[in-house]
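Sharing a structure here in structure tokens format.
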Amino acid sequence: QLQASGGGLVQTGGSLRLSCAASGRPFSSYSIGWFRQAPGEEREFVTSIRWSDGITDYADFVKGRFTISRDNAKNTVYLQMDSLKPEDTAIYCCAATTRTWRLQQEEAYDFWGQGTQVTVSS
């Protein structure tokens, strides 16, 4: 089971750190992805981290602003979001898979957590 948390309301240029906590399975053997969905929009890939080697991947629109990391001892993946913009407003959710390829695709993931709302005011 996955649970995302840490969302909230922040001003443009501010920061938030989201957490994705896992329970009930060996977390270290799962790649984790973050996706987001804005109102009226399709869900889109944000970032991922592979379980095997920690390799990360980012969507172009968050490169240099967002950082994904994991703490396997705490069964948690973090998404540090800096320099937030109003267009980052969305529901952010995390997902897990045993795969290490095509992690930008929703279909790669086996488990999804509940989302957390991020709102960036202008």
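Hydrogens, waters and symmetry mates are skipped; everything else that's a heavy atom, side chains included, is used.
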| request: Enter the distance from Ser31:OG to Arg99:CZ here, rounded to the nearest 0.5 Å. | output: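 Output value for this atom pair is 9.5 Å.
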| query | Would you say Thr116's side chain and Ala4's backbone share a donor-acceptor pair under 3.5 angstrom? | reply |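 Answer holds: no.
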| said: Under the disulfide (SG to SG under 2.5 Å) definition, can you give me all pairs with a residue in residues 33-93, not counting sequence neighbours? | reply: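 Applying disulfide (SG to SG under 2.5 Å) to every pair that reaches into residues 33-93, excluding sequence neighbours, yields nothing.
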| message | Just to verify, what does Arg43 make a side-chain hydrogen bond (donor to acceptor under 3.5 Å, both in side chains) with, not counting sequence neighbours? | response |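 Arg43 satisfies side-chain hydrogen bond (donor to acceptor under 3.5 Å, both in side chains) with Glu106 only.
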| request: Any salt bridge (Lys or Arg N to Asp or Glu O under 4.0 Å) involving residues 48-64? Give me the pairs, sequence neighbours left out, ordered by first then second residue. | output: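 Counting only pairs at least two positions apart or across chains, the salt bridge (Lys or Arg N to Asp or Glu O under 4.0 Å) contacts touching residues 48-64 are Arg50-Asp53, Asp60-Lys63.
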| What are the two closest non-hydrogen atoms of Thr76 and Ser19, and how far apart are they? |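 What the structure gives for the nearest pair is CG2-CB, 4.1 Å.
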| query | Can you tell me how far CD of Gln114 sits from SG of Cys20, rounded to the nearest 0.5 angstrom? | reply |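 It is 12.0 Å, given to the nearest 0.5 Å.
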| message | So, taking the atom named CZ in Arg70 and the one named OG in Ser28, what distance separates them when rounded to the nearest 0.5 Å? | response |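 These two atoms lie 7.0 Å from each other.
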| said: I need the minimum non-hydrogen distance between Gln80 and Ser15, along with the two atoms involved. | reply: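 Looking at all heavy atoms of both residues, the closest pair is NE2-CB, 3.9 Å.
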| request: For Ser52 and Thr100, work out which heavy atoms get closest and say how close. | output: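 Between these two residues, the closest heavy atoms are OG-CG2, 3.6 Å.
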| Which pairs with one or both residues in residues 31-73 pass ring pair (Phe, Tyr, Trp, His ring centres under 6.0 Å), sequence neighbours excluded? |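 Of all non-adjacent pairs touching residues 31-73, those that pass ring pair (Phe, Tyr, Trp, His ring centres under 6.0 Å) are Phe35-Phe45, Phe35-Tyr109, Phe35-Trp112.
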| field | Residues which pass salt bridge (Lys or Arg N to Asp or Glu O under 4.0 Å) with Arg36, listed by chain and number, not counting sequence neighbours | value |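 Arg36 satisfies salt bridge (Lys or Arg N to Asp or Glu O under 4.0 Å) with Glu44, Asp88 only.
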| request: Output the distance between atom OG1 (Thr97) and atom CG (Asp110), rounded to the nearest 0.5 Å. | output: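 Thr97 atom OG1 to Asp110 atom CG measures 4.5 Å (nearest 0.5 Å).
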| query | Should Asn75 and Ser23 count as side-chain neighbours, where that means a heavy-atom distance under 4.5 Å? | reply |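 In short, these two side chains do not touch, never coming nearer than 4.5 Å.
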| said: Quick check: closest heavy atoms across Gln117 and Ile91, and the distance to 0.1 Å? | reply: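 Taking Gln117 first and Ile91 second, the nearest heavy atoms are OE1-CG1, 3.2 Å.
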| query | Do Met81 and Arg65 come within less than 4.5 Å of each other through their side chains, counting heavy atoms only? | reply |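 Result no, sub-4.5 Å side-chain heavy-atom pair not found.
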| Of all heavy-atom pairs between Leu16 and Gly6, which one has the smallest distance, and what is that distance? |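 For Leu16 versus Gly6, the nearest heavy atoms are CD2-O, 3.9 Å.
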| Value rounded to 0.5 Å, distance of CD1 in Ile68 from CD1 in Ile32 |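 Interatomic distance, Ile68 CD1 to Ile32 CD1, rounded to 0.5 Å: 7.5 Å.
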| Donor-acceptor under 3.5 Å (Thr12 side chain, Ser121 main chain) |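 A pair under 3.5 Å: yes.
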| query | Among pairs that include at least one residue of residues 71-103, which meet ring pair (Phe, Tyr, Trp, His ring centres under 6.0 Å), considering only residues two or more places apart or in two chains? | reply |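 Sorted pair list comes back empty.
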| field | Common cluster, Val62/Leu103, ILVMFWY with side-chain heavy-atom separation under 4.5 Å | value |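 No, Val62 does not connect to Leu103 through the hydrophobic network.
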